Each structure stands twice: as structure tokens, then as C-alpha cells.
Amino acid sequence: VQLQAFGGGLVQAGGSLRLSCAASNPTFSSYVMGWFRQAPGEEREFVATISRGGTTTAYAGSVKGRFTISRDNAKNTVYLQMNSLKPEDTAVYYCAAGFAPSFNLTLYDYWGQGTEVTVSS
């Protein structure tokens with residue numbers, strides 16, 4: 001499956017952005033979806049994951065309460081609504097598809113190209 005993430009940009013601290021990730025595969029609903037991010041000089045880290053039907057979600061502690069992951073299986077798209085953004089949220093954000101819900105990036109089989117988010121103070 002091919003994934004394309006978009007929606008990144010430059011935003012001031014406290015602002016919001018919504019990232020989208022569109023999948024090419026019509027069996028999108030069979031995949032668990034996740035969002036990860038990688039800041040300059042840092043390892044890629046888990047942000048959020050959502051189950052196939054969208055009923056179960058999980059978040060990294062650093063974003064819980066500020067970010068919301070959702071999906072629209074009819075549109076083959078997963079979203080990441082990011083509110084109350086902080087400078088430490090600055091990173092390239094990647095969407096990923098897998099078969100088991102996990103914070104472990106090695107369990108995701110397909111990755112988008114990433115979209116850059118910069119939060120200014």
C-alpha cells in the first residue's frame with residue numbers, strides 16, 4: 001500500500017494543524033494505522049495509533065490530550081489533529097500501516113514519505 005502524508009507546515013506555539021495520510025489501497029480498512037515523528041538528530045518515535053475500525057486509539061504520553069488520531073475508511077485516510085502545539089513537537093511526521101496495533105515502529109510494514117511540522121516559540 002502506498003501512503004502519502006500531507007498537511008504539515010509552520011505554526012506558532014499554541015496553534016493547531018491537521019495532518020492527513022491518504023492510502024492508495026482499497027483494503028485500507030484492514031490496516032492498523034499509526035503516526036510517528038522524527039525530530040532532527042533524534043530517533044523516530046511513536047505518536048499515535050488507531051485500530052482498523054477506528055474504535056481504539058493509543059497515544060504517546062507527550063501528546064495525549066493534545067493530539068487526536070482518527071480515520072475515514074470510506075476515504076482511505078487517517079488524520080492527526082494536533083492542538084496546543086509546542087516547539088518540541090517540531091519534527092517530520094510519518095504515517096504507517098501495519099497489522100497489529102503497536103507503538104513499535106518495526107511492526108509497521110508500509111510508510112508514507114513524511115510531512116514536516118515546525119512549531120515556532
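As the structure is a computational prediction, the values presented were derived from the model and not from experiment. No hydrogens, no waters, no symmetry mates; every other heavy atom, side chains included, goes into these values.
Put simply, the side chain of R71 never gets that close to the backbone of V32: no donor and acceptor are under 3.5 Å apart. Side-chain N or O atoms of S24 include one that pairs as donor or acceptor with a backbone N or O of Q2 at under 3.5 Å.
The cluster map of Ile, Leu, Val, Met, Phe, Trp and Tyr, joined by side-chain heavy atoms under 4.5 Å apart, puts V1 and W35 in the same cluster. Hydrophobic clustering (side-chain heavy atoms under 4.5 Å, transitive across Ile, Leu, Val, Met, Phe, Trp, Tyr) keeps F46 apart from V63. By the criterion of side-chain heavy atoms lying less than 4.5 angstrom apart, applied directly or through intervening Ile, Leu, Val, Met, Phe, Trp or Tyr residues, Y110 is grouped together with M33 in one hydrophobic cluster. Y79 and Y31 are assigned to two separate hydrophobic clusters, defined by single-linkage of ILVMFWY side chains at heavy-atom distances under 4.5 Å. In the hydrophobic clustering of ILVMFWY residues, with side-chain heavy atoms under 4.5 Å counting as a link, V47 and V11 come out together.
With rounding to the nearest 0.5 angstrom, the CG atom of L85 is 5.0 Å from the CZ atom of F67. Between the OH atom in Y94 and the CG atom in L80 there is a gap of 15.0 Å [rounded to 0.5 Å]. Note: L10 CG to L17 CG = 9.0 Å, rounded to the nearest 0.5 Å. One distance of note links CZ of R52 with OG1 of T27; it measures 11.0 Å at 0.5 Å rounding. Rounded to the nearest 0.5 Å, atoms OH (Y108) and CG (L3) are 12.0 Å apart. Summarising the geometry, atom CG belonging to L19 is positioned 12.0 Å from atom CD belonging to E116; distances are rounded to the nearest 0.5 Å.
Aromatic rings of F36 and Y93 (six-membered ring for Trp) have centroids beyond the 6.0 Å cut-off, not under it.
Sorted by first and then second residue, the side chain to side chain donor-acceptor pair (under 3.5 Å) pairs involving residues 3-20 (not counting sequence neighbours) are S16-N83. Legend: salt bridge (charged side-chain N to carboxylate O under 4.0 Å, His left out) pairs involving residues 78-89, not counting sequence neighbours, sorted by first then second residue: R37-D89, R66-D89. Applying the disulfide bond (SG atoms under 2.5 Å apart) definition to pairs two or more places apart or across chains, none involves residues 51-92. Listed by first and then second residue, the disulfide bond (SG atoms under 2.5 Å apart) pairs involving residues 33-88 amount to none (not counting sequence neighbours). Legend: disulfide bond (SG atoms under 2.5 Å apart) pairs involving residues 14-110, not counting sequence neighbours, sorted by first then second residue: C21-C95. The stretch residues 49-80 participates, sequence neighbours left out, in no disulfide bond (SG atoms under 2.5 Å apart) pair at all.
Listed here is the closest heavy atom pair of T55 and S51: N-OG, 3.3 Å. Minimum interatomic distance between S102 and L107 (heavy atoms only, all atoms of both residues): OG-CD1, 3.5 Å. Between I50 and S70, the shortest heavy-atom contact is CD1-CA, 3.5 Å. Heavy-atom minimum distance, A39 versus A91: N-CB, 3.8 Å.
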Are N76 and N25 close enough, and set up right, to give a side-chain contact (heavy atoms from CB on, under 4.5 Å), and what steps lead you there?
CA-CA 8 Å; N76 293 346; N25 196 311; over 6 Å; no
Applying side-chain contact (heavy atoms from CB on, under 4.5 Å) to D109 and F99, what does each step give before you reach the verdict?
CA-CA 8 Å; D109 299 287; F99 296 100; 3.3 Å; yes
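Looking at T49 and F103, their side chains never come closer than 4.5 Å, going by heavy atoms from C-beta outward.
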